[in-house]
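A quick write-up on the structure given underneath.
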Amino acid sequence: MLELVDRTVRYDGRVALDRVSLHIDDGERVAVCGPNGAGKSTLLRALAGPGAVFVPQQTPEDLALTARAFVMLGRTAHLSPWRRPAPADHAAVARALVDAGAAHLADRRLDAVSGGERRRLAVALALASGAPHLLLDEPGAQLDFVQRRALQALLASLDRTVVATVHELPFGSTCFTRAVLMSRGRIVADGAPADVLVPDRLAAAWQCAVSALPEILPPRA
């Protein structure tokens with residue numbers, strides 16, 4: 001379970017989260033949507049704690065590591081300072097690379113892959129950790145539509161709690177069971193994607209006219 005109760009976060013005197021309360025049950029897949037500066041990334045960081053892996057928007061470009069070694073960092077919590085990775089750790093990394101569609105990158109250096117490939121490797125690191133709660137900040141960023149569709153299928157198949165910030169509303173409405181809409185540091189709507197990602201609520205959050213979004217919203221049951 002992930003939970004915030006009346007949480008306020010300030011950066012340099014600016015309120016990034018304004019008395020936010022949120023409860024997420026185990027196994028939920030939650031898309032956090034909203035305009036830039038709404039507090040989405042801050043919300044993820046506030047949720048982070050024991051048993052949760054936070055994957056930021058930016059993956060370091062200049063690490064002198066192979067992709068395999070980078071994903072192995074996700075196993076850090078399972079290793080003591082004096083123990084080398086065991087076969088189970090190598091197996092978890094190999095499986096995570098395959099699941100993230102990044103097995104072909106295993107021996108490439110991190111500073112020699114594209115931004116989209118680094119995003120997939122960051123997801124692989126989170127998967128390799130085995131953490132029950134994954135907090136993904138813009139996991140679909142820099143992915144083409146084929147890669148994004150594969151990521152949607154992967155997230156939908158996981159038996160873990162997934163909370164992800166998303167800018168692409170079609171991404172937020174397809175593989176998630178719940179959507180949280182934010183504006184100005186507050187949660188303004190929370191529920192099924194088909195009920196939250198509707199024109200009137202989106203228009204209020206973005207403060208601009210929104211007509212109809214048939215290509216974004218799935219049909220109601």
Side-chain angles (χ1 to χ4, degrees), residues 1-4 7 17 20-35 38-57 74 92 95-102 116 119-143 145-183 187-198 201-202 205 213 215-221:
M1 181 186 72
L2 298 172
E3 188 171 44
L4 298 177
R7 178 70 65 87
L17 284 187
V20 167
S21 294
L22 180 65
H23 177 96
I24 299 173
D25 287 325
D26 290 344
E28 285 197 272
R29 297 191 304 277
V30 182
V32 181
C33 309
K40 302 186 300 296
S41 298
T42 303
L43 179 71
L44 284 196
R45 293 189 184 95
L47 286 169
V53 171
F54 172 69
V55 179
Q57 290 185 28
R95 183 168 59 252
L97 284 166
V98 170
D99 289 344
R119 293 305 297 154
R120 282 188 280 166
L121 290 171
V123 171
L125 184 153
L127 295 175
S129 73
H133 304 137
L134 304 183
L135 308 175
L136 310 177
D137 202 359
E138 297 290 344
Q142 303 184 54
L143 301 183
F145 75 94
V146 174
Q147 295 169 341
R148 191 175 294 118
R149 182 177 298 174
L151 178 60
Q152 289 172 336
L154 170 62
L155 296 182
S157 72
L158 294 176
D159 58 351
R160 314 187 200 185
T161 306
V162 178
V163 186
T165 64
V166 298
H167 269 302
E168 306 87 352
L169 295 182
F171 185 82
S173 67
T174 52
C175 63
F176 293 92
T177 58
R178 178 179 170 189
V180 170
L181 181 61
M182 298 192 68
S183 179
I187 294 174
V188 296
D190 181 358
D195 296 324
V196 171
L197 304 180
V198 294
R201 285 176 165 165
L202 297 177
L213 305 168
E215 76 282 5
I216 288 178
L217 299 179
R220 291 177 182 266

Determine whether more than 12 heavy atoms belonging to other residues, nucleotides or ligands lie under 6.0 Å from atom CZ of R201.
yes
Tested for side-chain contact (heavy atoms from CB on, under 4.5 Å) against T42, the lone hit among V20, T165, L17 is L17
Using atom types as modelled and distance alone, determine if a side-chain donor or acceptor of R120 lies under 3.5 Å from a backbone N or O of G101.
yes
Can you give each donor-acceptor pair under 3.5 Å made by side-chain atoms of residues 124-132, sequence neighbours left out, with the distance rounded to 0.1 Å?
from: S129; atom 1: OG; to: A126; atom 2: O; distance (Å): 2.5
from: S129; atom 1: OG; to: A131; atom 2: N; distance (Å): 3.1

Determine whether R95 and L97 satisfy the following criterion, side chain to side chain contact (heavy atoms under 4.5 Å, CB included), listing intermediate values before the conclusion.
CA-CA 5 Å; R95 183 168 59 252; L97 284 166; over 6 Å; no
Taking C175's backbone N and O only, do any of them form a donor-acceptor pair with R29's side chain (distance below 3.5 Å, no angle check)?
yes
So how far is it from L22 CG to L2 CG, rounded to the nearest 0.5 Å?
8.5 Å
List the atom of A48, the atom of A52, and the distance in Å for their closest heavy-atom pair.
CA-CB, 4.3 Å
Rounding to 0.5 Å, atoms SG (C33) and NZ (K40) come to a distance of 8.5 Å
Are the side chains of L43 and M182 in touch, meaning some heavy atoms are under 4.5 Å apart?
yes
Identify the heavy atoms of L197 and A179 that sit nearest to each other, and give their distance.
CG-CB, 4.4 Å
Hey, does the side chain of D26 reach the backbone of M1 with a donor-acceptor pair shorter than 3.5 angstrom?
yes
Evaluation steps, side chain to side chain contact (heavy atoms under 4.5 Å, CB included), between V30 and D190:
CA-CA 10 Å; V30 182; D190 181 358; 6.0 Å; no
Given L44 and V55, is the side chain to side chain contact (heavy atoms under 4.5 Å, CB included) satisfied, shown in steps?
CA-CA 9 Å; L44 284 196; V55 179; over 6 Å; no
Report the distance from atom CD of Q57 to atom NE2 of H167, rounding to the nearest 0.5 Å.
6.5 Å
Any L136 side-chain heavy atom under 4.5 Å of L155 side chain
yes
Run the side chain to side chain contact (heavy atoms under 4.5 Å, CB included) test on V163 and L47 for me, step by step, so that the C-alpha distance in whole Å, both residues' side-chain angles and the decisive distance to 0.1 Å come before the verdict.
CA-CA 9 Å; V163 186; L47 286 169; 4.3 Å; yes
CG of D137 to CZ of R45: how many Å apart, nearest 0.5 Å?
6.5 Å
Taken in chain and number order and not counting sequence neighbours, the residues that satisfy salt bridge (charged side-chain N to carboxylate O under 4.0 Å, His left out) with E28 are R178
Starting at CG of L134, measure out to CZ of F54 and round the result to the nearest 0.5 Å.
12.5 Å
How far does OG of S21 sit from CG of L4, to the nearest 0.5 angstrom?
7.5 Å
Please find the pair of heavy atoms, one from S183 and one from A205, that lie closest to each other, and give the distance.
OG-O, 3.5 Å
